[in-house]
There are 2 protein chains.
Amino acid sequence: MVKRTSFENDDCPIARSLDAIGDWWSLLIIREALFGSRRFGEFQKSLGLAKNILTVRLRALVDQGILKLAPASDGSAYQEYLLTPKGRGVFPILVALRQWSEEFDDRPEEIATILVDKEKGRPVRKLELYSQDGRLLSAADTALKPRADVKSSRKLRSISA
Amino acid sequence: MVKRTSFENDDCPIARSLDAIGDWWSLLIIREALFGSRRFGEFQKSLGLAKNILTVRLRALVDQGILKLAPASDGSAYQEYLLTPKGRGVFPILVALRQWSEEFDDRPEEIATILVDKEKGRPVRKLELYSQDGRLLSAADTALKPRADVKSSRKLRSISA
DNA sequence: CTTGTGTAGTTGCATTATAAAACCAGATAC
DNA sequence: GTATCTGGTTTTATAATGCAACTACACAAG
């Protein structure tokens with residue numbers, strides 16, 4: 001790629017998400033953060049990625065307001081990476097990815113963990129999408145509507161999400 | 001990257017999903033497919049990606065059973081790319097990505113479309129995660145449990161998703 | 001106060017992925 | 001039969017990734 005096409009200015013919210021967290025490592029870093037990792041070294045060890053890449057990814061996540069830097073909670077002079085609300089908001093995306101694997105992976109027996117609810121310890125249900133009046137929706141029950149007040153300078157693409 | 005680390009054999013289902021559809025274009029191709037694109041040229045025009053990349057992506061998606069090739073429905077001698085059930089199963093992931101943008105994007109006014117339910121034309125609700133006994137769950141209400149019968153050859157990482 | 005160890009990076013180099021543009025073969029249209 | 005469309009492949013350039021080696025600072029022990 002002469003320049004890895006950026007979707008930052010695309011009018012599709014999916015493309016925008018991908019621009020922010022659509023690379024190989026960002027989602028996994030957020031996953032680790034959701035499960036307690038805070039320090040550079042923790043991310044590096046648990047994910048096994050190169051340190052220079054981790055540096056770049058962490059900085060990008062901080063820039064985007066997904067992580068924030070804070071003084072270390074253990075009294076040392078170092079810093080910690082903490083999730084912001086925007087970062088915690090990624091949780092449903094991770095659940096959706098997890099459930100897709102669980103349902104469609106060719107070798108589901110290799111999946112090591114199950115997402116359970118803390119109180120009862122039982123597997124969670126599938127993510128559900130409802131209409132405002134409470135009907136359960138599938139993809140076929142939905143459509144895309146252009147926003148009434150689009151300010152985008154780019155022409156609307158027919159119906160592409 | 002000497003070799004883009006593959007998560008194909010990771011025991012984390014999120015990593016496995018990313019391995020399958022975690023690159024820049026795959027999810028957008030699936031998005032287009034969900035909204036009706038079928039032909040090579042349609043994908044190429046609506047997404048504006050280079051044809052060589054599209055070729056590689058489409059082939060990978062077919063290999064993974066997300067798309068399948070079928071004779072063109074318009075009688076021509078060409079082929080079409082159709083979603084399989086596994087491909088349609090990506091829908092919740094796209095919704096989760098979309099809703100994350102809608103909620104946290106810095107410039108939500110640039111988002112051009114709204115996902116509505118077809119019947120009433122009203123915006124859908126946020127994706128919801130429930131426990132088996134019907135309680136609405138947030139990230140903090142969940143935990144990861146190792147599967148009882150893990151066959152994975154790789155050691156379990158403490159609690160990393 | 002000097003040496004050692006851990007943390008959090010940075011730098012340099014090799015390799016791979018991506019992009020743009022040119023090219024091409026078979027099908028279709030004229 | 002010639003032009004054009006469809007669905008690619010090839011070529012070339014550049015950006016991203018990965019590994020390994022190196023650096024700077026903090027802290028702890030001796």
Side-chain angles (χ1 to χ4, degrees), chain A residues 1-10 15 18-29 32-33 36-64 67-82, chain B residues 1-10 15 18-29 32-33 36-64 67-82:
Chain A
M1 49 163 88
V2 162
K3 192 185 177 190
R4 176 172 243 164
T5 36
S6 161
F7 302 121
E8 194 185 348
N9 298 310
D10 201 290
L18 291 177
D19 202 63
I21 52 178
D23 68 274
W24 287 94
W25 292 112
S26 296
L27 278 169
L28 295 175
I29 291 170
E32 292 299 319
S37 288
R38 300 162 161 232
R39 298 280 284 261
F40 186 94
E42 286 185 281
F43 291 113
Q44 209 254 311
K45 257 174 286 182
S46 61
L47 293 172
L49 84 172
K51 293 197 291 180
N52 52 352
I53 309 240
L54 180 56
T55 300
V56 173
R57 285 289 106 80
L58 286 174
R59 224 190 304 277
L61 290 171
V62 169
D63 284 350
Q64 288 171 150
L67 295 176
K68 65 173 175 242
L69 279 166
S73 53
D74 63 355
S76 74
Y78 300 108
Q79 288 183 310
E80 292 185 340
Y81 294 90
L82 299 181
Chain B
M1 50 168 87
V2 160
K3 193 186 178 189
R4 176 171 244 166
T5 36
S6 161
F7 302 121
E8 194 185 348
N9 298 309
D10 201 292
L18 291 177
D19 202 62
I21 53 177
D23 69 273
W24 286 96
W25 291 112
S26 295
L27 277 170
L28 295 175
I29 291 170
E32 292 299 318
S37 289
R38 300 161 162 234
R39 298 280 284 261
F40 186 95
E42 286 185 281
F43 290 113
Q44 208 255 312
K45 256 173 283 179
S46 60
L47 293 172
L49 84 173
K51 294 195 292 179
N52 51 352
I53 309 247
L54 180 57
T55 301
V56 173
R57 285 290 103 82
L58 286 174
R59 222 186 310 273
L61 290 170
V62 170
D63 284 349
Q64 289 170 149
L67 295 175
K68 65 175 175 241
L69 279 167
S73 54
D74 64 354
S76 74
Y78 299 110
Q79 288 184 309
E80 292 184 340
Y81 295 89
L82 298 181

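Only heavy atoms go into these numbers, but all of them, side chains included; no hydrogens, no water, no symmetry mates. Within every chain, numbering begins at 1; the chains are lettered A, B, ... in the order of the sequence lines, protein sequences first and strands thereafter.
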Taking 4.0 Å as the cut-off, does a side-chain nitrogen or oxygen of A:Trp25 come that near to OP1 or OP2 on D:dA16?
no
Working to the nearest 0.5 angstrom, can you tell me the gap between A:Asp63 CG and A:Leu58 CG?
11.0 Å
Please give, in whole Å, the distance from C:dT7 C1' to A:Asp74 CG?
11 Å
Can you tell me if the side-chain N/O atoms of B:Arg59 get under 4.0 Å from OP1 or OP2 in D:dT9?
yes
Spacing of B:Gln79 atom CD relative to C:dA27 atom P, expressed in whole Å:
12 Å
Its contact letters, B for base, S for sugar-phosphate only and - for none at protein heavy atoms under 4.0 Å, make nucleotides 20-30 of chain D read ------SS---
In whole angstrom, what separates A:Trp24's CH2 from C:dT16's C1'?
12 Å
When all nucleic acid strands are considered with a 4.0 Å heavy-atom cut-off, which category describes B:Phe43: base, sugar-phosphate, or nothing?
nothing
So, are A:Arg38 and A:Asp74 salt-bridged, with charged N and O less than 4.0 Å apart?
no
I want to confirm an ordering. Mapping A:Ala50 and B:Val56 to their closest nucleotides on DNA chain D, which one lands closer to the 5' end?
B:Val56
Heavy atoms only: give me the nearest B:Ser46-B:Glu32 pair and the separation to one decimal.
OG-OE1, 3.3 Å
Interatomic distance where CZ belongs to A:Phe40 and C1' belongs to C:dA8 [whole Å]
6 Å
Write down the distance between CG (A:Leu54) and P (D:dA16), rounded to a whole number of angstrom.
17 Å
Report the relative orientation of the aromatic rings in B:Phe43 and B:Tyr81; use parallel for angles under 30°, tilted for 30 to 60°, perpendicular for over 60°.
perpendicular
Give a yes or no answer on whether the side chain of B:Gln44 reaches the backbone of B:Ala50 with a donor-acceptor pair at less than 3.5 Å.
no
From CG of B:Leu58 over to P of D:dT6, roughly how many Å is that when rounded to an integer?
16 Å
Does the side chain of B:Tyr81 get closer than 4.0 angstrom to OP1 or OP2 of D:dG8 through an N or O atom?
yes
I need the minimum non-hydrogen distance between B:Phe40 and B:Leu54, along with the two atoms involved.
O-CD2, 3.5 Å
Expressed as a whole number of angstroms, how long is the span from A:Gln44:CD to D:dG18:P?
12 Å
Between B:Glu42 (CD) and D:dC5 (P), how many Å, whole number?
16 Å
Residue mapping more 5' on DNA chain D - nearest nucleotide basis, A:Ile53 or B:Arg39
B:Arg39
Which atom of B:Gln79 lies closest to which atom of B:Arg39, heavy atoms considered:
O-CD, 3.3 Å
